[in-house]
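Worksheet for the structure shown next.
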Amino acid sequence: MTGRTSERYNPRVEEPRWQKAWDEARSFVLEPGDTREPYYVLEMFPYPSGRIHMGHVRNYTMGDVLARYKRARGFAVLHPMGWDAFGLPAENAAMQNKVHPKSWTYANIATMRNQLKSIGLGIDWTREFATCDVEYYSKQQKLFLDMLREGLVTRRQSKVNWDPVDMTVLANEQVVDGRGWRSGAVVEQRELNQWAFKVSDFAEDLLDALDGLEQWPEKVRTMQRNWIGKSEGLRLLFELDAPHGDFSSIEVFTTRPDTIFGASFVAISADHPLAKALSEQPAVAAFIAEAHRQGTATETIDKAEKLGVFTGLHVKHPVKPGATLPVYVANFVLMDYGTGAIFGCPAHDQRDLDFARRYGLPVVPVVLPEGADPAEFEVDAEAYTGPGRIYHSEFLDGLEVETAKKKIAGYFAARTVDNRPQGKVEVNYRLRDWGVSRQRYWGCPIPVIHCESCGIVPVPDKDLPVVLPEDVTFDRPGNPLDHHPTWKHVVCPSCGGAATRETDTMDTFVDSSWYYARFTAPHADTPTIPDVANSWLPVDQYIGGIEHAILHLLYSRFFTRAMKKTGHLSLDEPFKGLFTQGMVVHETYKDASGEWLSPADVTISGGDVRTATHAATGAPVEIGSIEKMSKSKKNVVDPDEIVRTYGADTARWFMLSDSPPERDVQWTEAGIEGSSRFLQRIWKLVGDALELFDVPAGAPDMADAETAAIRRLVHRTVANVGAEIEGLRFNRAVAQIYELSNGLAKFIAATAAAPTAGRIGALHEGIERLVQLVAPMMPHLAESCWAALGKTGMVCDAGWPEADPALLVDASVVLPVQVNGKRRGEVTVPKGSPNELVEREALSLEAVARMLEGKSPRKVVIVPDRIVNVVV
RNA sequence: GCGGGCGUGAUGGAAUGGUAGACAUACGGGACUUAAAAUCCCGAGGGUGUACACCCGUGUGGGUUCGAGUCCCACCGCCCGCACCA
């Protein structure tokens with residue numbers, strides 16, 4: 001039975017109807033025993049902050065289009081959804097609104113789940129979980145204990161970044177320009193006992209494996225490479241000419257041991273143990289204090305001058321017998337990289353040069369650039385860091401830099417200082433171990449117990465989970481778990497004596513480092529079912545924001561390796577394909593007093609110069625810059641409002657149109673209106689076609705020019721849209737669909753004027769294909785159209801249409817004809833015509849003859865079936 | 001400073017080294033309408049010209065090529081990331 005579609009399409013009725021139908025048919029639920037080829041699409045799961053924003057809509061729409069497309073292509077598509085539900089905002093809400101973090105979080109999840117369902121995502125909701133579910137975080141505790149057993153977790157006294165506002169420790173990655181990434185407060189340094197994951201154990205592998213991640217953006221791979229920051233160099237001992245207390249030598253790290261003959265000083269960090277030992281000297285103590293003060297205000301780092309203080313100590317020059325080098329404490333030497341000490345070769349390092357100029361130290365060039373005159377070459381204001389040959393360096397003279405590095409490394413390896421080899425080749429990484437202890441309540445409890453007699457005792461597996469207590473209070477700063485009257489007091493599992501629980505919880509980045517694996521067996525009693533995880537992983541296509549390029553992705557890569565080592569899965573890389581989508585941006589508006597205004601309160605009038613007025617008062621409004629949607633600038637558009645007004649399909653379509661998905665998309669009223677019009681246009685096309693379907697369909701007659709043209713367009717579009725979706729080029733897929741709908745509108749007009757059975761047959765084909773192509777993007781509309789066309793079953797189960805290869809190639813081709821590279825005309829020739837024929841046709845063009853002025857061409861370049869260029 | 005990316009109509013953007021501006025938005029004109037909305041049709045990079053047509057045009061300047069938005073070099077501008085990493 002076919003329905004008429006003369007009414008306007010009403011998403012408010014149709015969308016809930018199809019969402020219910022998919023739900024009841026369990027269309028996107030993966031049942032056990034599925035034999036289809038697996039494909040895993042995952043979008044970064046949301047933090048349940050309260051409401052969905054447009055960025056979510058864009059992110060999840062992209063994933064959904066791919067998931068629905070792959071499903072139509074016959075894959076068993078895993079497309080799950082969950083909640084990254086631990087974290088500070090819940091505690092902040094608890095403090096501000098006197099609501100428990102748990103009820104706040106689950107209420108937000110309920111709201112946001114409904115919002116996500118309202119945009120029609122093809123999600124397997126049976127797999128949903130939140131990281132704050134006991135079922136989830138208890139498995140995470142199991143992972144932690146397994147990793148502890150494997151030596152992948154350590155506990156160490158370490159200096160940590162302390163956020164004085166959030167009263168918690170921050171990872172280095174969470175400190176942005178010296179401030180807490182969430183609170184914005186200036187970060188202090190504190191010494192605490194911290195649990196840490198030994199990410200650095202995998203530094204080399206995490207770096208090397210980046211080369212294999214071919215479906216990741218180059219940008220992200222580069223950022224991770226830089227973050228890991230590998231450098232190969234030499235640890236080198238400088239012997240003090242006279243011991244100072246316990247110190248008889250200083251160990252430095254250098255990547256340029258080849259420049260040792262140009263050394264003119266040694267510098268140590270203000271945090272170096274020797275610096276502390278020297279702080280009995282007032283000048284040194286003052287300098288260290290000043291360095292610490294500077295260290296916390298790092299915004300001026302590039303302007304910071306290279307400052308130091310002479311310690312009065314000297315070291316023996318390691319290759320110049322009898323010579324010594326002065327030892328400084330310097331503000332530009334970092335304690336947590338290398339050994340916290342360097343030797344300075346001013347001629348070949350800019351920082352050393354700045355320092356040397358300031359303190360009047362010698363500048364001796366020892367690397368001579370190719371072609372430079374050794375008698376003339378000088379270093380003035382700029383250090384020379386390029387390649388060249390070593391000179392002024394005795395036994396290294398004449399060697400290339402790299403060769404000299406090897407030779408000098410061998411030289412120092414063979415000598416001893418303090419009964420150790422003087423030099424040792426070493427690889428250094430910037431990558432630090434990942435400190436995961438957080439002094440917060442709303443996180444996964446770290447499952448260990450502190451016992452006075454037994455020390456650190458892991459919670460036995462049988463005692464898991466360590467459940468967060470619910471009766472906590474937030475009326476004072478610090479960790480509520482620590483304040484809790486009873487929770488932390490336990491019996492030691494080892495000796496049975498009185499002991500206390502660890503009250504730190506895990507960094508929430510731990511929660512999101514393995515959730516993709518949990519989705520493969522979300523209800524299992526173990527963290528994963530390894531066989532099942534291995535069959536689904538890696539995630540074929542992961543989609544999310546560029547802001548996670550380093551932290552989340554690096555930690556997840558570490559976690560898969562750790563989970564492999566602890567037997568929970570057997571692969572290294574979690575995400576085969578990664579796509580980083582752009583943000584949703586919007587104009588900003590300000591009234592005369594400089595207050596931000598919401599787009600909903602602003603009326604825009606068009607014309608050549610757009611102007612804005614306040615909707616209620618008519619007062620003039622200034623149209624400001626285009627910014628990421630944010631509450632503070634009020635330039636947000638509420639997805640609920642859009643779904644209510646236009647429907648989910650319109651919002652989805654707009655999110656996919658126009659802008660390439662990796663770039664920012666600007667939300668505009670005109671854009672959403674345009675999408676809405678297009679949705680109605682498709683509905684109308686289907687209705688117009690239905691008007692004609694009283695005429696029985698016959699086999700399309702390819703002799704009819706209109707029929708042949710539309711069929712070519714239909715099949716070409718089928719082929720192209722599929723390819724564009726595979727490549728996540730949704731904006732180009734959208735453009736293709738626009739072209740098809742324009743073509744079909746014309747064909748409907750032609751068919752209405754002269755309906756033949758053959759044309760009706762071609763129209764059936766064209767309209768059905770259009771609906772199928774639109775289905776991943778506007779799934780509700782497509783279902784309504786499919787039903788209206790009288791098709792049985794749902795379009796989401798109809799599979800993906802195949803393009804007929806015969807219709808993808810034209811019998812004849814139009815070749816542009818250029819003269820000297822400028823287009824002067826065109827010739828139409830049969831496809832695959834011999835060059836002689838093409839040349840004859842091209843030269844016979846009047847425009848070409850005119851340009852030739854009777855002469856014969858110097859050359860005729862013919863690219864078969866592409867172009868002709870006549871060179872005069 | 002180092003690394004990565006980008007620069008095309010009024011706007012978002014298309015364009016395996018091969019017809020620059022697909023597709024959309026905004027705009028202008030027309031049809032329908034009492035009117036508006038919706039819908040449909042037409043126009044449109046800049047310039048010269050009655051037309052056929054021609055000239056110019058992808059940030060700037062060079063280069064490679066039969067042919068350059070695309071490749072190479074230099075420069076200008078914007079965006080992003082990292083940033084005293086020895």
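The chains referred to below are lettered A, B, ... by the order of the sequence lines, with proteins before strands, and numbering in each begins at 1. Any value given below was found using the heavy atoms of this structure, including those in side chains, with hydrogens, waters and symmetry copies removed.
- As judged by a 4.0 angstrom heavy-atom cut-off over every strand, A:Arg663 is placed among residues touching the sugar-phosphate backbone only.
- Contact annotation: A:Tyr738 does not reach the phosphate of B:A22 (side-chain N/O to OP1 or OP2, under 4.0 Å).
- Judged by distance alone, with hydrogens and angles left aside, A:Asp658 brings a side-chain donor or acceptor within reach of the base of B:G12, the pair sitting under 3.5 Å.
- Consecutive pairing runs in RNA chain B reach the stem threshold at B:1-7 with B:76-82, B:10-12 with B:23-25, B:27-31 with B:39-43, B:45-48 with B:53-56, B:59-63 with B:71-75, where a stem means at least three Watson-Crick or G-U wobble pairs with distances under 3.5 Å.
- The structure places CE of A:Met778 at 9.0 Å from OH of A:Tyr9, a figure rounded to the nearest 0.5 Å.
- Applying the 4.0 Å criterion to OP1 and OP2 of B:G12, one finds that A:Asn731 has every side-chain N and O outside that range.
- Across all strands, A:Val817 comes closer than 4.0 Å to no nucleic acid atom at all (heavy-atom distances).
- Comparing A:Gly338 and A:Val665 by the nucleotide of RNA chain B that holds the closest heavy atom to each, the one mapping nearer the 5' end is A:Val665.
- OP1 or OP2 of B:A26 lies within a sub-4.0 Å distance of a side-chain N or O belonging to A:Arg677.
- The phosphate of B:U39 has neither OP1 nor OP2 within less than 4.0 Å of any side-chain N or O from A:Arg681.
- Considering only residues two or more places apart in sequence or on other chains, A:Ser625 meets the side-chain hydrogen bond (donor to acceptor under 3.5 Å, both in side chains) condition with A:Glu627.
- Heavy atoms of A:Val871 sit under 4.0 angstrom from primed sugar atoms or phosphate atoms, though from no base atom.
- Of the two residues contacting RNA chain B, namely A:Asp664 and A:Ala670, the nearest-nucleotide position lying further toward the 5' end is that of A:Asp664.
- A:Arg716 has its CZ atom 11 Å from the C1' atom of B:A22, to the nearest Å.
- Because its NZ or CZ atom is both nearer than 6.0 Å to the ring centre of A:Trp227 and within 45° of the ring axis, A:Arg430 counts as a cation-pi partner of that residue.
- Rounded to a whole angstrom, the distance from the P atom of B:C6 to that of B:G59 is 13 Å.
- Side-chain nitrogen and oxygen atoms of A:Ser231 include at least one within less than 4.0 Å of the OP1 or OP2 phosphate oxygen of B:A86.
- For B:A24, one of the phosphate oxygens OP1 or OP2 lies less than 4.0 angstrom from a side-chain nitrogen or oxygen of A:Asn742.
- Judged by distance alone with a 3.5 Å cut-off, no donor-acceptor contact links the side chain of A:Asn226 to the base of B:C82.
- Between A:Phe355 and A:Tyr359, the two ring planes are tilted [angle within 30° to 60°].
- Distances shorter than 4.0 Å separate none of the side-chain N or O atoms of A:Arg866 from OP1 or OP2 on B:U19.
- Two residues are said to be in side-chain contact when any heavy atoms from C-beta on lie closer than 4.5 Å; A:Arg824 and A:Val817 fail this criterion.
- B:G67 and B:C79: their C1' atoms are spaced 33 Å apart (whole Å).
- Which of B:G18, B:U19, B:A83 sits closest to the side chain of A:Arg823 comes down to B:U19.
- Listed pair A:Arg824 / B:C54 meets the phosphate criterion, a side-chain N or O lying under 4.0 Å from OP1 or OP2.
- Under the salt bridge (charged side-chain N to carboxylate O under 4.0 Å, His left out) criterion, A:Glu662 pairs with no residue, sequence neighbours left out.
- Side-chain contact check for A:Asn742 and A:Arg681: at least one donor-acceptor pair (N or O, by modelled atom type) lies under 3.5 Å.
- Note on A:Arg225: nothing from the nucleic acid sits closer than 4.0 angstrom, heavy atoms only.
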